[in-house]
Structure formats: C-alpha cells, structure tokens
Amino acid sequence: MPEKKMYNLYVNDEEASVVARPSDTLLHVLRDQLGLTGAKPGCENGDCDACTVLVDGKPIKSCLMLAIEAEGKHVKTIEGLKNTRIQKAFVENWAIQCGYCTPGFIMNGFALLNQHSNPDSETINDWLSGNLCRCMGYAEIKAAIKSVMTSDHADKSS
Amino acid sequence: MESIGRSVIRKDAVAKVTGAAKYTADLKTVGSLYAKLVTSPYGHARILSIDTSAAEKVNGVHKILTGKDTNILTGEEIKDRPILATDRVRYHGEPVAVVIADTLAIAKQAANLVNVSYSPLPVIRSPKEAYQQGVPLVHEHLGDYEKIAEVFPKPGTNICNHTKIRKGSMEIGWAKSTVVVETEVSFPPSDHCAMETRSVSAEILPNGQVIIHSSSQVPFTIKKMLSSIFGLNQGKITVHTPLVGGAYGGKSAIQLEFIAYLASSAIGGQKVQLINSREEDFITSPVHLGLDAKVKLGCDAEGYLQAAEITLLFDGGAYSDKAVDMSRAAATDCTGPYQVENLWCDSFCMYTNHPYATSFRGFGHPESTFAVERAIERLAEKLGMDPIEFRWKNAIRPGQTTPTQVILNESRIGNVRRCIERVRELINWEEGRRIEITPERIRAKGVSCFWKNSNIDTNAGSGAILKFNEDGTVHLNCGVIEIGTGSRTVLAQIAAQKLGIDVDQIYVEMDIDTSSTPEHYKTVASRGLWMAGRAVLAAAEDAIGQLLNVAAQVFRVSLDDLDIGKGFVFLKDNPARKLALKELVYGYVYPNGNAIGSQVIGRGSYTLRGMTFLDPKTGKGVPGPDWTVGAQAVEVEWNKRDYTYKILRAVTVIDAGTIINPKLAQGQVKGAMHMGLSFASREGFIFGPNEVVETTQFRTYKVLRYGENPDYTVDFVVTPSRETAYGLRGIGEHALIGMPAALANSLSTAAEVHLNRLPLTPELIWRMKTGGVR
C-alpha cells in the first residue's frame with residue numbers, strides 16, 4: 001500500500017487536515033475522515049452524480065477526483081449549504097423521496113443557478129442529466145429548480 | 001387540525017436536504033473492519049480450486065472465508081443457495097470468497113489475489129430453454145432441499161415452482177369464443193438500481209449479542225433468518241435499519257447479512273462492513289426477473305372475454321429466493337382486472353444461469369400484465385373494437401370472481417370502469433390514437449389496466465407504540481422502513497387524526513431497531529400503510545382509553561360522557577369542562593399532590609384476516625385482502641425514419657381509496673410510472689458468452705435520466721376500503737404495472753407492428769418492422 005500523507009483541505013470554509021493515500025478519492029476522504037457523509041457513493045464511476053460537491057464553485061463528481069487534487073482548493077459539500085432557497089425549494093416541491101440522490105441534485109442545481117440565473121430548459125437538462133434519481137419522475141426536481149430561478153437562490157436569509 | 005387529506009411535509013425532508021440524513025454506509029465507526037467479495041466471472045462453472053495463500057500474505061488481511069467455511073444453504077422458501085459458492089458457481093457475480101481486512105483498499109487488493117480456477121459448464125440462457133427436456137439442471141439436488149409447504153418445485157427439472165390456476169371450463173370457454181388470439185412475449189432480467197447500493201455491517205459482542213446494520217426492507221426477517229440458520233436465540237439479535245436509499249423490492253432479500261455475520265464470527269466478533277460496489281449491486285445481489293410468456297385469449301362476437309390460457313415462464317435465475325412467490329402472485333392476478341369465466345394458467349418459476357431474482361415493485365404483475373395486455377390489444381384489434389371500449393366492457397366488478405375465485409365486493413375491488421373512463425378523458429382518446437403529424441412523425445396512444453393484491457404471508461402483521469412526553473407530544477414507534485415512500489409521515493397523520501392533535505406534535509424517528517421497534521412484517525407489497533395504519537389506529541385507541549380513564553376519575557363521570565379532540569379531553573355535553581392532554585399524559589396530579597394514572601403508552605397491533613393458502617390443484621384461495629386497480633395511458637411521438645421515439649405523456653388513474661397525503665400519493669404514483677417506463681423503454685441485462693452480464697454500470701445499463709421523462713398526469717378515483725385506516729388503499733407499486741404494456745401498445749400503434757419484447761428500443765422497433773435488414 002502506498003504511504004499515507006497529511007495535507008490540508010478547505011472544506012465548507014474551514015481548514016481541515018486529512019491523512020490519506022495519494023489514490024484516495026475526495027469522496028472517501030470527505031466521508032471517512034471528515035464525517036461529511038452527505039456526498040453519496042452511488043456508482044464511484046462518474047455515472048450518477050450522487051457524490052457531487054463544489055470545488056472552487058464548480059460541481060465535481062467527488063468519486064472521480066483525488067483528495068490530493070483538492071489540496072488548497074475550496075470544497076463545499078451539502079453540509080456547507082445553510083438555509084439556501086434551493087434546499088427549501090426541494091422540500092416545498094416534494095422533490096425528495098429516498099433522499100439518496102438529493103444532495104447531488106442540490107449541489108449541481110446550486111452551481112447551475114450560480115452560473116446561470118435564468119437557465120433555459122436545455123441548459124437545465126445539460127446540467128442535471130448526469131444526476132440519477134430512481135424514486136421520482138424528475139418532474140418534482142424540475143419544479144424545485146424552476147421555483148428558484150427567478151429569485152436569488154443563494155440568499156441565506158431565505 | 002384535520003390531518004387526513006392534507007399534504008403534510010415529510011418528516012425526513014430537512015434531514016435529506018442538508019446532508020444530515022444517515023444511511024447504513026454512513027454509520028462508520030472506528031475499529032470497523034472491511035469485507036470485499038470475490039465473485040464468479042462465469043455464468044456457470046465448476047470451481048476446481050481456490051488458492052488464498054497470496055491474498056493472505058497481504059499486510060492487514062485478517063481472514064479469508066470460502067464456501068468450505070460456510071457450508072450452509074439459505075433461502076426463504078427453498079433452501080437452495082449457499083452463502084458462498086462451494087463446488088460450483090451458478091451465475092455471473094456469485095460470491096465465492098470474502099476477504100476481511102483493516103481497510104477497504106487492502107481488502108480489495110487481497111481479493112484480487114485470491115486465485116480461483118474454474119471449469120466452465122453449459123449454461124441455461126432463458127426460462128424457455130430451462131423448460132426444455134434434456135437440458136442441464138441448475139440444481140440436481142432440488143428434491144433434497146428444505147422448503148416451505150407452499151412452493152412446488154419439480155425435482156429432475158429446472159422448475160422451482162409451479163402454480164396452477166383452473167377456473168370454469170376451457171371447453172365451454174373456447175366454444176363460446178368467436179375470436180381468438182395467441183401472443184408470446186419475452187424480456188430479460190433487469191435491475192432495481194436503487195441509488196444506495198446494499199450495505200451491511202455485523203458485530204458480535206462479548207456477551208454473544210449480534211448487532212446487524214442493514215439497508216433493508218426486512219430487518220425483522222433478517223433477525224428470524226439469522227436465528228433459524230445459525231441457531232441463535234432471537235433475543236440475541238438486533239437489526240438496525242436507518243433510512244434506506246431506495247429499495248423497490250430489491251432490499252427484501254437477505255444475502256450480505258449472512259456473509260457479514262460469518263465474517264465477524266470468524267474474527268472474534270469485531271465489526272465488519274460489507275458494502276456492494278455498483279457492479280456487485282447490479283448482479284451479485286438479486287435482480288428483477290425476466291419472463292417468457294404465452295397468452296391465448298378468446299372473446300365472443302360482442303367482445304366479452306370467454307377464455308384465457310396463460311403460460312408464464314419466469315426467469316428466476318440461479319436461486320429461488322422470492323421469484324417463486326412472484327410467479328405465484330402473477331398467477332393469482334394473471335388475467336388483469338377483467339372478468340374471465342374460463343381460465344387455465346400455468347405459472348412456472350424457472351432456474352437459469354442468470355443472476356437470481358427477488359421481489360421487484362409490482363411482484364410479478366408488471367411482467368404478467370405486459371403479456372395479457374398485449375394479447376387484449378390484439379384481440380380488440382382482431383375483433384375490430386376500440387381497445388378502451390373492450391377493456392371497459394370486460395372490467396371486473398363487484399359480485400364477480402377473480403382467477404383464484406375470490407368473490408368481489410366494492411371494498412375489495414374498487415372501481416375499474418371509472419378509472420378507464422377517466423383515463424380516456426385525460427389522454428384525449430377521442431382525438432384519435434394514431435395521428436400523422438408529418439409524413440415522418442407519428443403521435444400515438446396506448447392504454448393498459450392494472451390490479452394487484454398483496455400475496456404476502458397469510459399471517460403478516462404490524463405493531464405500533466405511541467409514547468407520550470410530559471408536554472403532550474408523542475413519539476410514534478413502528479416498524480415500517482422509510483425507503484422513500486414517506487409512509488412514516490403518513491402514519492403520523494393517521495395517529496394525529498385519531499388522537500385529535502396536530503401532526504406537528506407527533507415525532508417519528510426514522511431508524512428501526514428490531515429489539516425495541518414493534519414488528520412490521522416487511523416493508524413490501526404496498527402493505528405499509530395498510531397494516532401499520534391499522535396498528536397505529538389501535539395504538540391511538542388504546543392511548544385514548546387510558547386518557548379518558550384518568551379524566552373520568554377527575555371529572556367523576558363515566559367514560560361515555562367524555563370525548564377527545566383539539567388537544568383536550570372534554571365533557572360531551574359541556575366542552576368547556578376540559579383537561580389538556582399534558583395534564584393527563586403522565587397521570588393527573590390533584591392540588592394536594594395525589595396522583596392517579598401514569599405515563600400513557602398506547603399499543604396496537606394488527607394481523608391480516610381471512611387470507612388462505614392456494615389450492616395446489618386449482619389455485620382457489622384468498623391471496624390478500626383487496627386489490628388496488630387503475631388504468632393507464634402513454635402517448636409517444638415516433639419517428640418513422642430513424643425509429644426513435646419520445647415519450648410525451650403518461651397518465652395514471654388509480655382507485656387509491658381515501659388519500660391521506662395527496663402530494664406523497666402523487667409522488668408514489670409518478671415514481672412508479674417513471675420506473676415502469678424506464679424498465680420498458682431501455683432496461684434489461686445484455687448477456688455475453690457463458691451468460692456473463694455485460695451491462696453492470698450506468699453507462700451501459702441505461703436508465704431514464706433528467707430531461708427524458710414525459711409529462712405525468714395522475715388522478716385518483718376514491719372508493720374507500722372498509723378495512724383500512726380511514727379507507728386508504730395500498731399504492732406504492734401499482735402505477736408501475738401497466739406502464740410496459742401501455743408503452744408497447746402505443747408504439748405498436750405508432751409503428752403498426754406487434755412489439756412483444758422489452759426493452760422497447762428503437763433497434764427493436766426497426767428489427768420488428770424490417771426484419772432487421774437495411
């Protein structure tokens with residue numbers, strides 16, 4: 001087994017020291033070392049986006065990024081979102097069933113709305129077609145995303 | 001204050017949007033070891049040798065178990081499955097060995113070094129092939145296996161269950177039939193694809209207590225199975241199930257739990273975690289069964305069904321698990337919700353060299369419905385009758401009998417005809433069902449009906465406890481697993497309604513602990529609210545009795561003089577004389593300090609009544625308490641030039657009885673429609689040589705993605721059940737059932753070709769239309 005190494009990550013605006021092998025993925029370091037289990041392993045292959053986190057504001061499949069690649073970068077997980085409008089919208093639009101895909105959808109949706117305040121349907125499809133959900137028909141998720149489009153979704157006062 | 005009929009926000013919502021929600025694999029603890037499976041690379045092969053020496057040398061490996069260490073057969077109905085394969089593997093992905101190590105990385109590294117040598121054997125590639133005479137047997141010792149009395153395997157064949165339905169007279173039926181059609185359908189096994197892969201951990205404490213954590217629909221069954229297989233006292237086993245990340249029937253099988261228990265046991269009881277990779281979850285753990293079926297239907301000149309002869313050959317895969325029950329369940333409802341006086345059905349569950357199957361949403365019904373509804377479509381076509389009109393005419397009604405000869409009443413069957421009428425309106429049937437928008441683009445519609453009863457154990461039941469806090473708030477404790485349906489929120493609504501308090505006053509934890517949670521049989525078969533609803537009502541009545549008893553003493557009146565509501569117990573004739581619940585829930589204290597009564601703990605339980613086993617010769621019997629029925633339609637736009645299509649709209653009208661939580665009910669219906677359309681349009685394993693599954697990742701096994709979904713329309717017909725809490729009906733599975741048939745009917749209409757196979761890919765339509773020649 002390759003040697004473990006200690007390095008620093010910035011996760012949810014706090015500095016965190018982790019000890020990991022060079023081949024450990026960001027997903028597993030977040031979950032196993034920092035207890036941030038909101039990012040979910042669904043395929044660990046980049047096919048389902050349940051593990052989506054933001055790295056320097058961009059949505060990243062944390063199962064495909066090595067933790068060491070995130071050194072010095074700002075990582076935001078679902079635990080770092082507090083009272084955002086998109087979270088509220090998922091609750092109010094019934095866009096949750098088993099909840100396993102929910103953090104990935106919210107992180108991707110949050111990043112989408114940061115980059116495009118009023119995306120058209122094609123742009124939303126482009127961004128969210130990577131996220132798999134098996135419980136719902138996506139209609140509720142679409143309604144949740146659309147409901148925050150016109151407002152400032154990052155507004156923490158909600 | 002009304003809780004029934006209100007879209008109460010689900011109680012797990014905030015946890016699920018903040019990352020606070022915990023699932024089994026999230027519950028990591030320091031000191032836990034990790035297990036990794038070594039699995040079969042063949043569909044069928046003899047194991048010549050297993051060499052673990054190189055793997056054992058890896059630093060951090062604690063133990064490697066093989067079939068020799070675990071020579072036990074398991075299975076809920078037929079004990080035919082070894083925990084780890086011994087002399088031979090029967091499907092691609094079958095567990096052969098398990099490595100236990102300090103970390104998952106070490107366990108994986110060592111698993112790769114376990115050297116198994118195999119000699120491939122001939123494979124059984126379909127249930128049809130399995131049924132042929134003289135083919136290799138998947139289980140030569142079928143006759144020696146332990147089994148329950150209600151399955152009927154045939155030793156010396158690949159049949160692991162045979163259900164017979166015999167009703168009326170086929171001679172009379174065919175004599176009355178002026179129009180007859182025969183249809184064959186076929187589709188391969190597929191998968192549930194819950195986003196959370198199956199995960200377990202096992203630990204054995206120094207006092208012998210076994211602690212299991214499992215992402216499961218059946219924690220109480222895990223307890224019983226561990227007890228019976230390993231000879232443990234049930235009191236020594238505690239199974240924890242936190243939130244489950246999707247299940248759809250796939251988490252009703254018990255597999256990894258046995259392996260994890262043996263792994264922990266082999267290393268002195270230390271905690272071992274075993275988590276499926278996606279690839280393992282696709283094939284190592286059980287799948288959704290496939291089907292080869294033949295349906296012969298006859299009707300008279302007026303379009304009334306007179307005879308049906310149905311042969312179902314289910315692909316149960318290498319081991320029987322729950323597929324044997326699904327094949328029986330499919331037989332009990334094999335006609336769909338139609339009146340057929342003369343009926344002959346043989347339903348076989350076949351062993352093949354495919355991954356083994358377990359329960360899948362709909363439990364045999366989406367599969368058999370696809371077969372019978374395709375035949376109905378052809379029969380209506382041959383007769384020259386509108387297919388909706390044909391279905392409406394034959395829809396089963398109170399007073400008529402089911403395939404297993406249950407006499408129906410309104411409570412048991414609801415209103416099929418009303419559902420059909422409403423679907424007809426909602427899909428705008430009148431505008432025509434095949435419209436050429438341009439010479440290339442065709443818009444077409446197809447319909448299907450569905451029905452389903454539960455087909456679970458005849459004595460299945462559920463329990464509930466309502467425990468009051470001093471301030472009048474209540475904890476609801478019951479064993480229905482939160483697999484995504486929101487059932488635990490709905491049960492809180494039922495409790496709130498009965499207790500006359502606001503649903504916000506009722507707290508529901510989401511995790512199950514089999515040692516302290518009242519048992520709910522299994523979270524399957526759309527029986528969560530059905531059975532637990534009754535248990536919760538009984539618990540609420542018990543609590544109310546306790547509250548009134550204390551209040552009667554305080555007011556010096558009889559129980560009959562009192563009522564409960566809005567958070568108070570009050571005198572019926574003078575509601576101003578009242579006591580708040582919080583003055584009663586821990587007993588009442590008089591001004592001088594004397595106390596009467598004590599903490600109110602309501603308890604209730606319920607067991608299904610009047611269910612029977614089926615007569616092995618005729619199938620006569622009561623398979624469940626009632627049917628949930630409905631009608632569905634799909635509208636597609638098909639492109640004549642490249643054979644691609646877009647699903648535009650899907651409609652479901654379901655007789656759901658009383659709706660307790662409209663938004664949650666709609667969510668269940670839409671979700672089931674979605675799963676049915678995904679299955680029917682693109683899912684199904686592709687097998688290579690030696691029945692190796694070639695599609696074990698989401699990049700090769702395609703499911704419906706965001707943006708590919710149609711518009712969903714859901715409407716409810718309300719025929720309240722007379723047996724359930726507030727008249728509700730089970731709805732978790734049903735809206736999946738008719739989707740494959742409705743999609744096939746719409747595409748068959750569009751392309752003017754009979755599409756009787758799944759998945760309904762553009763390539764399939766092209767092949768059927770052109771014979772596969774350019």
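Proteins get letters first, then strands, A, B, ... in listed order; numbering begins at 1 in each.
- At a heavy-atom cut-off of under 4.5 Å, chain B is reached by no residue from residues 59-67 of chain A.
- Looking at B:D26 and A:K40, a side-chain N of the basic residue comes within less than 4.0 Å of a carboxylate O on the acidic one, giving a salt bridge.
- No side-chain heavy atom of B:Y706 sits under 4.5 Å from any side-chain heavy atom of A:C133.
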Can you list the steps and then say if A:E140 with B:K670 is a side chain to side chain contact (heavy atoms under 4.5 Å, CB included)? CA-CA 10 Å; A:E140 298 90 341; B:K670 283 183 201 170; 3.7 Å; yes
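- Under a 3.5 Å cut-off, the side chain of B:N709 and the backbone N or O of A:G137 do form a donor-acceptor pair.
- Of the two parts of B:A25, the backbone and the side chain both hold a non-hydrogen atom closer than 4.5 Å to a non-hydrogen atom of chain A.
- For A:L36, no part sits under 4.5 Å from any heavy atom of chain B, backbone or side chain.
- Of the listed residues (A:I141, A:V91, A:D126, A:L81), the one with the most heavy-atom contacts under 4.5 Å to chain B is A:V91.
- Within the 3.5 Å criterion, the main-chain N or O of B:G484 finds no donor-acceptor partner in the side chain of A:Y100.
- Neither the backbone nor the side chain of A:D24 has a heavy atom closer than 4.5 Å to any heavy atom of chain B.
- Looking at B:M675, the atoms closer than 4.5 Å to chain A (heavy atoms on both sides) all sit in the side chain, from C-beta outward.
- With a 4.5 Å cut-off on non-hydrogen atoms, B:L243 does not touch chain A at all.
- For the atom pair CE of B:M195 and SG of A:C135, the computed distance is 9.5 Å after rounding to the nearest 0.5 Å.
- Looking at A:I96, the atoms closer than 4.5 Å to chain B (heavy atoms on both sides) sit in the backbone and in the side chain alike.
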Could you check B:Q668 against A:Q97 for side chain to side chain donor-acceptor pair (under 3.5 Å), going step by step and ending with a plain yes or no? CA-CA 9 Å; B:Q668 282 307 292; A:Q97 281 193 26; 3.2 Å; yes
Test B:S277 against A:E44 for side chain to side chain contact (heavy atoms under 4.5 Å, CB included), laying out the working first. CA-CA 8 Å; B:S277 68; A:E44 298 193 67; over 6 Å; no
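- Put simply, of B:G246, B:G19, B:C193, B:A247, the one with the most heavy-atom pairs under 4.5 Å next to chain A is B:C193.
- A distance-only check finds a donor-acceptor pair linking the side chain of B:R699 to the backbone of A:N45 [under 3.5 Å].
- B:I275 does not touch chain A: none of its heavy atoms, backbone or side chain, sits under 4.5 Å away.
- Per-residue heavy-atom pair counts under 4.5 Å with chain B were compared for A:N131, A:D32, A:N125, A:T102, and the maximum is reached by A:N125.
- Pairing each heavy atom of B:R705 with each of A:Y138, the nearest pair is C-CE1, 3.3 Å.
- When each of B:Q666, B:R361, B:H192 is checked for heavy-atom pairs under 4.5 Å with chain A, B:H192 comes out on top.
- Listed here is the closest heavy atom pair of A:R21 and B:A105: NH2-CB, 3.4 Å.
- The closest donor-acceptor contact from the side chain of A:R134 to the backbone of B:A194 lies at 3.5 Å or more, if one exists at all.
- Considering only heavy-atom pairs separated by less than 4.5 Å from chain B, the leading option among A:A39, A:C43, A:G42 is A:G42.
- Contacts of B:S7 with chain A are made by both backbone and side-chain atoms, with heavy-atom separations under 4.5 Å.
- For the pair B:Y23 and A:T37, the minimum side-chain heavy-atom distance is 4.5 Å or more.
- The structure places NZ of B:K702 at 8.5 Å from CG of A:D47, a figure rounded to the nearest 0.5 Å.
- Ranked by heavy-atom pairs under 4.5 Å with chain A, the list B:T197, B:V703, B:D711 is led by B:V703.
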Working for side chain to side chain contact (heavy atoms under 4.5 Å, CB included), residues A:I78 and B:T18: CA-CA 6 Å; A:I78 185 82; B:T18 54; 5.6 Å; no
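- Looking at B:E708, there are no atoms closer than 4.5 Å to chain A (heavy atoms on both sides), in backbone or side chain.
- Within the model, atoms CD of A:Q33 and NZ of B:K28 stand 11.0 Å from one another, a figure rounded to the nearest 0.5 Å.
- Minimum heavy-atom separation, B:N661 to A:W94: OD1-CH2, 3.8 Å.
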